[in-house]
Protein chains: 2
Amino acid sequence: MATVGRLAGVSQVTVSRALSDPSKVSPATMRRIRDAIDITGFVPNAVAGALASRRSKLISALVPSLTNTVYASMMQSFSDLMRDNGYELLLSECGFQAETEEKLIAAHLSRRPDAFYLTGIHHTTRARQMLIGADIPVVEVWDLTDTPIDICVGFDHREVGRAMADFAADAGYRHAATVGAGDARALRRRDAFADRFAARGGTCAGDVTFQDSASVAHGREGLSRLIDEHGFSSGVIACSSDLMAEGILIEAQKRRLSVPDQIGVLGFGDQDFAAHLEPALSTVRVDRPALGTTAAQAVLKRLHGSNPEHSRVDIGFQLIRRGSA
Amino acid sequence: MATVGRLAGVSQVTVSRALSDPSKVSPATMRRIRDAIDITGFVPNAVAGALASRRSKLISALVPSLTNTVYASMMQSFSDLMRDNGYELLLSECGFQAETEEKLIAAHLSRRPDAFYLTGIHHTTRARQMLIGADIPVVEVWDLTDTPIDICVGFDHREVGRAMADFAADAGYRHAATVGAGDARALRRRDAFADRFAARGGTCAGDVTFQDSASVAHGREGLSRLIDEHGFSSGVIACSSDLMAEGILIEAQKRRLSVPDQIGVLGFGDQDFAAHLEPALSTVRVDRPALGTTAAQAVLKRLHGSNPEHSRVDIGFQLIRRGSA
DNA sequence: GTGAAAGCGCTAACAC
DNA sequence: GTGTTAGCGCTTTCAC
């Protein structure tokens, strides 16, 4: 920067100003600085800038899985808006264990991000302390709590489970089963589903829970186990993910079980493919782009000064009736 | 850090040493420093560390799409290995346009990453210059070239197209069509497929190319348009993605076209679901975790000193014969 | 094994 | 509109 300044016949600070706010520098100077930058191939050092200004223009983001489209699509819209505002993402995959997350939070915090994006609301006590101590905007997405660290944007997973049960009961199903993943949020949806379905007079005939991530393979295996091990023969199956639901649809077709008459299938997520399966998948839609955008807006508002009050945004969800149940 | 030192009765440098290399500090001092850190809740400032040491322990990564599992799964294994070695990821979505990528490269470079991960080999001239000028390890994945910026790890997309054509011809198909995305790599596979299939005496009856990302919906629409607009009635369809192939499978089932007899379907990617569709999808497998890991190993080798020679690793691919063709 | 001094390349505050 | 002076919080180098 000093070199650029020398070439342009100004001091180093003027170059700094030219780069951060061109209006603070005369047009003629600006031109000479531009030329000098082109000649030298100067690339500003944001590390030094961050140290001096105490603003890194970096957002830390922790997602359970990089390959899960559900988390990725929230991130995508979140990061788009943040990038438009000059922020870049420091991203890590944190899995589903709070201890792993805690370590990553510490590592990220040492890089002095300007804000933090977390998936979910379950964190270790120390993680919460560190985050609060960092005194930066923190947004927790994909779940809701009355005691967010700072901001949370999500929806009520129990409410989803209940809505799925009501939907199934209203559709006339009297028997149900559940197939899903073992993470905290999926379990809450599952349990709420089972409770409500029973309350509506139905019977829950079985459950298959997988510890690893959702997949079509698990869906197929889930239906097989429901039939072979739990004697499930007809009714509705509520899944924790559209992928599982798709697997069930495929396995049902293979076994010549008619959907939605003999077997009803309810997905979760309304992923791209859900509407295009045969039969099309009835599922729960959460507006993930809106969720990511809302989270980004809330963070930006905090970053641009203003309102220090905690916030909690319920983005809601929507049951989509299609052919599978 | 100075505060921690005062509390522990040592100087600031000693704290720095204790944190970066405990063996350089006496056990007793170490203990007192540890205690002081616990008491103060000190979180080291990696920004200052990066500025002073000129090593950021940050890797820049650019992927075309965050929601595409194919790119995400390479990233995942790459980032796992990098994280194990103390590096974090600065990640951005760069789309499929080289100009967008160039801007992002400039932005990332200003943060002084220790290495760069790029998807693909097509970059603007200025992007190449900046990257070379940065004098850090650069790995280009998912494609191959004889003139990598530094390291490239991938496979030959034309070779994939040819292998798919040979596979189709060997399976006895005489007519073919292609359905795919419009990015450079997909187009190269498609063109190589068409050329080779024709060379094998087959006829290519039509092509549907979508400009946006692959999806099941596009697959269904692709088959519909092949039939309605191109008069396609039987033969093999080579897709640029398993997702498209799945859409074709579904549309074919809906239209009661038998697979693989009347219509053969060839996917690309061997994504999780491919083996679990009905019929199971014949497709091209690329070992993405191995690709990511290989890329990470190459970068780490460069980072830990040693061999400055350019490298090019062909990770290969594999045609998987399943039921769909 | 520990300390003192000198930066890393910027921005902030204040002059002019 | 531009320059000067002081840091930001570490690591590096060189003493001891």
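Chain letters run A, B, ... following the sequence lines, proteins first, then strands; residues in each count from 1.
- As rounded to whole Å, 10 Å separates atom P of C:dA13 from atom NZ of A:Lys24.
- Side chain of B:Asp114 to main chain of B:Ile59: no donor-acceptor pair is present (N/O by atom type, distance under 3.5 Å, no hydrogens or angles).
- Between B:Thr29 and C:dG1, a side-chain N or O to OP1/OP2 separation shorter than 4.0 Å is absent.
- For the atom pair SG (B:Cys94) and NE2 (B:His123), the distance works out to 9.0 Å, reported to the nearest 0.5 Å.
- In this structure a side-chain-to-backbone donor-acceptor pair under 3.5 Å is present from B:Arg83 to A:Glu93.
- Separating the CD1 atom of A:Ile37 from the C1' atom of C:dG9 is a distance of 14 Å, rounded to the nearest angstrom.
- To the nearest 0.5 Å, the span separating CD on B:Gln297 from CZ on B:Arg302 amounts to 13.5 Å.
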- Item | Nucleotide-resolved protein contact map, nucleotides 3-12 of chain D, B/S/- at heavy-atom distance under 4.0 Å | BB--BBBBBB
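- Between A:Asp114 atom CG and C:dT11 atom P there is a gap of 14 Å when expressed in whole angstrom units.
- For B:Arg31 and B:Asp35, the salt-bridge test passes: some basic side-chain N is under 4.0 Å from an acidic carboxylate O.
- For the atom pair CG (A:Leu89) and CG (A:Leu58), the distance works out to 8.0 Å, reported to the nearest 0.5 Å.
- In this structure, B:Arg31 atom CZ and C:dG1 atom P are separated by 18 Å, rounded to whole Å.
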